[in-house]
Amino acid sequence: MPIYEYVCSNCKLKFELLKAMSQSDEGATCPSCGRSAKRVLSLFSKSSDGSPSSSGGNSCSTCASDSCSSCSL
Ligand SMILES: [Zn+2]
């Protein structure tokens, strides 16, 4: 099952949940305050906040993609 990341709209807590694909559109409940949390897209990676290219040294510096036609690594 994929891991989905959620952010609580109330206390801003960020947490991850294992969910089946069929349940991915459903909301989650914040484990801290019990309010509903919204799903955020995280590409299922374990990177920390704010750094889109945290892994690998092959990313294109201009497009932040692993492989693009302009840099063609
Ligand atoms: Zn919360």
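Remember, it's 1-based here, ligands and their atoms both numbered in the order they're listed.
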Which pair of non-hydrogen atoms, one from Met1 and one from Leu18, has the smallest distance, and what is that distance?
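Scanning both residues, the minimum pair turns out to be O-CD2, 3.2 Å.
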Which heavy atom of Lys14 sits nearest a heavy atom of Val7, and at what distance?
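Residues Lys14 and Val7, closest heavy atoms: CG-CG2, 3.8 Å.
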For the residue pair Pro2 and Lys19, establish whether any side-chain heavy-atom pair is separated by less than 4.5 Å.
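Side-chain contact under 4.5 Å: no.
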With heavy-atom distances below 4.5 Å as the criterion, would you say the side chains of Leu17 and Tyr6 are in contact?
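Yes, their side chains come closer than 4.5 Å.
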For Ser32, give me all partners under side chain to side chain contact (heavy atoms under 4.5 Å, CB included), at least two apart in sequence or on another chain.
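In terms of side chain to side chain contact (heavy atoms under 4.5 Å, CB included), with neighbours along the sequence ignored, Ser32 is linked to Cys11, Leu13, Cys30.
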Closer than 2.8 Å to the Zn ion (ligand 1), how many protein N/O/S atoms do you count?
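Count of protein N, O, S atoms less than 2.8 Å from the Zn ion (ligand 1): 4.
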